[in-house]
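A quick write-up on the structure given underneath.
Below, chain A is the first sequence line, B the second, and so on; all start at residue 1.
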Amino acid sequence: MADPIFGRLDWTVTPFDDFFRDPSINEGVAAAAASAVPLGAVAVIAFLTWKGLWGPLWRDWLTSADHKKIGIMYFVLAGVMMLRGVLEGAVMRTHQVTALDGGVLSAEHFAQLFSTHGTIMIFFVATPLITGLMNYVVPLQIGARDVAFPVLNQISLGLTAAGAGLVMISLVIGKFGTGGWTMYPPYTGTTFSPGPGVDYWVWAIGISGIGSTLAGINIAVTIYKKRSPGMKFLRMPIFTWTSLCTAIMMIYAFPALTVSTAMLALDRSLDFRFFTNDLGGNMMQYANIFWMFGHPEVYIVVLPAYGVFSEIAATFSAKRIYSYNSMVIATSAIAVISFTVWLHHFFTMGQGASVNAAFGIATMIIAVPTGVKVYNWMATMFRGRVRLSVPIIYLVGFFFLFVFGGLTGVILANPTIDYQVHNSQFLVAHFHNVLIPGVLFGVLAGVHYWFPKAFGFRLHEGPARLEAYLWFGGFSLAFLPLYWLGLMGMPRRSASYDNPAFEPAMWLAVVGAAMVVGALGVAIWNFWASARDREALACPVGDPWDGRTLEWSIPSPPPEYNFYALPRVNTVDAWTVEKAVGHPYEMAPRYTDIEMPRSTAMGVVIGGASAAMGFAITWWIWWLAALSFAVIVAALIARAFVRETTRTIKAVEVEVAHRAFLREASRTPAVGRDDEIAPDNLGHARPAVPA
Amino acid sequence: MKDDARSEMRRYAIGAVLSAALTLLAFWAVMSHGMARSTALWIVGAAALAQIVVQMRCFLHVGSSSKREDLHLILFSLVLGTLMVGGTIWIMSSLHDRMY
């Protein structure tokens with residue numbers, strides 16, 4: 001049946017011919033979305049060719065093994081995917097205001113939308129955002145020159161991008177699965193979903209999941225092995241602590257995802273019977289394994305955001321973080337307890353009451369360390385000299401909204417209540433209420449905070465504040481009404497409903513969705529406007545916020561080897577102490593040659609081959625699948641024979657660069673915190689007294 | 001230096017042979033007909049545990065002279081493995097009991 005060359009691919013798989021056959025709004029939306037992908041790709045290709053940027057893109061970015069560039073590329077990837085995810089959310093909300101007894105989109109199209117929206121937001125927005133953030137910041141905070149395995153780092157990015165690419169391709173060629181972002185069998189088995197949609201999901205998630213496992217290994221080993229002299233575990237910044245816990249959780253949680261997707265792939269492609277109704281299969285095992293990953297994943301994405309909030313609470317209050325040790329203990333406790341609660345995602349599957357009770361209690365317990373953290377952040381701000389700038393706006397918004405979302409989580413942790421509201425809009429409201437104010441606000445605050453470090457200029461404060469308020473308001477309108485809808489009995493994933501009482505809340509939600517789209521527009525505009533005004537916003541000396549940790553002691557953007565000489569650390573908040581009582585901006589006693597990783601195309605080759613393999617298996621093009629797999633194996637073997645993996649930067653060169661930087665620092669006037677967002681702030685902070 | 005490399009190489013070779021043998025053993029247990037189902041399951045389980053030991057010893061170089069960090073990681077893995085395996089057995093057997 002399948003063609004030997006093209007598998008099950010033919011000319012009827014795009015949404016365009018459906019649109020020509022049946023030019024309805026439903027098919028129009030699908031065709032417009034499908035054209036956006038190739039048009040966007042053509043626009044990017046044209047722009048790169050016009051500006052002659054192919055060479056620099058390849059040399060300086062795609063083949064670079066520099067952790068800073070890889071971190072930024074994670075952000076670019078997540079940003080593109082987030083645009084699609086948010087727009088899908090807005091389309092769904094627009095559909096739902098028309099969905100009283102009908103609606104503009106077909107139920108199948110709506111199902112594809114919520115499936116891709118969830119898949120994208122979890123795997124290709126939240127995960128790459130926090131991976132990118134850890135990649136960029138952790139080596140700088142611990143005084144390292146790069147991550148432990150720079151090439152592996154590149155491969156992790158390549159695998160994540162391959163997964164994201166498969167999800168994008170599914171818009172144009174074929175259709176995505178309709179089983180929601182968790183793709184529960186037996187519905188997603190070949191009996192009920194024979195098409196390529198679920199295969200797209202399986203391979204996108206399988207491939208990028210392996211990338212995330214490798215990223216976790218890399219970050220954990222980096223923190224274990226590459227800390228600068230004197231930086232004991234209890235002297236690490238809190239963001240590094242949360243990254244360590246996150247990385248370890250990634251190592252243990254993502255394999256469960258790999259196992260569940262691999263088993264589903266075996267069911268679908270090789271006719272296995274793991275999750276079928278008959279012949280010994282058990283679909284409940286899928287939910288069990290999937291959530292063994294799925295719940296830790298929630299904390300994997302939220303812990304680094306907690307780390308960001310810890311850094312900015314201290315920095316923008318000009319105070320040490322309140323109760324450092326309890327912060328560390330709370331972080332570690334969350335990391336372990338998060339592996340004991342996965343069953344609360346399927347309380348209603350049918351297991352006994354005592355099982356439900358045990359997992360419900362564990363779920364309530366995990367709220368305690370989170371509560372400790374919230375009190376610690378508030379205590380950090382208490383009687384501090386708080387500057388109410390963008391990161392603090394996100395932090396305060398987080399206090400209000402996240403605590404609310406956390407409390408509804410404790411409500412849901414009670415199995416008897418969960419039986420009433422599970423699978424309703426109440427749940428949708430709850431998890432958006434923890435993920436948006438938790439993860440997204442944290443990352444957005446972190447972007448504003450570390451952006452000047454990465455690019456050498458600040459973002460405009462005004463538009464960024466507007467963006468923060470729009471996120472706060474847009475989120476509140478778009479999701480808080482859903483609690484009410486859920487309690488009134490509206491199921492989640494409703495393509496259509498027949499109760500007119502739902503309609504007013506849906507209108508509120510669509511207004512909120514419009515505000516969120518507006519926030520995203522302001523953010524894009526602000527990146528562009530700040531890049532245009534980068535002269536006025538420059539902060540080359542690299543310490544625009546009077547920072548407390550090591551990354552603020554180096555220029556912005558940092559040299560590729562990060563530190564001219566590895567700093568010696570003997571306290572927490574080492575840079576603040578150095579500025580207050582030590583000798584900041586001084587020559588090192590001695591400089592050494594620095595070995596840095598050479599560029600390599602491994603990430604591009606393995607990422608590209610994995611994407612081709614996933615696509616080939618989805619469409620049953622077996623020769624291409626075998627070929628791509630052979631390319632992956634051959635590339636790994638060939639890499640083992642490369643002897644010259646590093647290149648040396650001479651000590652003299654480093655010394656000269658350091659002297660130039662110190663001259664610039666001493667020429668630059670120090671500014672106090674009142675002028676933080678004025679053009680005078682060139683990144684030389686006048687330290688607050690006392691430290 | 002050369003001896004180090006040789007003994008290192010030998011260790012990898014032994015590891016590769018042993019892990020291949022254990023894999024084949026598991027396949028043989030399942031594919032050879034005439035073995036009781038429970039016997040086959042026990043053999044597969046034992047081969048899996050032995051596989052873990054071989055890989056730890058020969059590929060990850062975990063041994064008696066290892067560092068504390070290795071011990072932490074192994075203990076943590078044990079805790080999480082117990083949670084995941086134990087939790088799964090508890091959940092699935094509860095589901096199983098209530099299905100009939």
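Surrounding CZ of Phe27(B) are at most 12 heavy atoms belonging to other residues, nucleotides or ligands under 6.0 Å away. Atom CZ of Phe629(A) has 12 or fewer heavy atoms from other residues, nucleotides or ligands within 6.0 Å. Residue-environment remark: CZ (Arg273(A)) exceeds the threshold of 12 foreign heavy atoms within 6.0 Å.
Rounding to the nearest 0.5 Å gives a distance of 9.5 Å between CE of Met249(A) and CG of Leu80(B). Here the straight-line distance linking atom CG of Leu83(B) with atom CZ of Phe339(A) works out to 9.0 Å at 0.5 Å rounding. Taking NE2 from His96(B) and CE from Met284(A), the interatomic distance works out to 10.0 Å, rounded to the nearest 0.5 Å. Between the OG1 atom in Thr88(B) and the CH2 atom in Trp342(A) there is a gap of 5.0 Å [rounded to 0.5 Å]. Between the CG atom of Asn282(A) and the CG atom of Leu95(B) there is a distance of 7.5 Å, given to the nearest 0.5 Å.
At a 4.5 Å heavy-atom cutoff, the contact between Ile248(A) and chain B is made by side-chain atoms alone. If you measure heavy-atom distances from Ser93(B) to chain A, you find no contacts under 4.5 Å at all. For chain A, the nearby parts of Met84(B) are the backbone and the side chain; heavy atoms of each come within less than 4.5 Å.
Contact between Leu73(B) and Tyr252(A) at its shortest, heavy atoms only, is O-OH, 3.6 Å. For the pair Trp90(B) and Ala358(A), the tightest heavy-atom approach, listed with the atom from each and the gap, is CH2-CB, 3.6 Å.
For the pair Ser94(B) (side chain) and Gly352(A) (backbone), a donor-acceptor distance under 3.5 Å is present.
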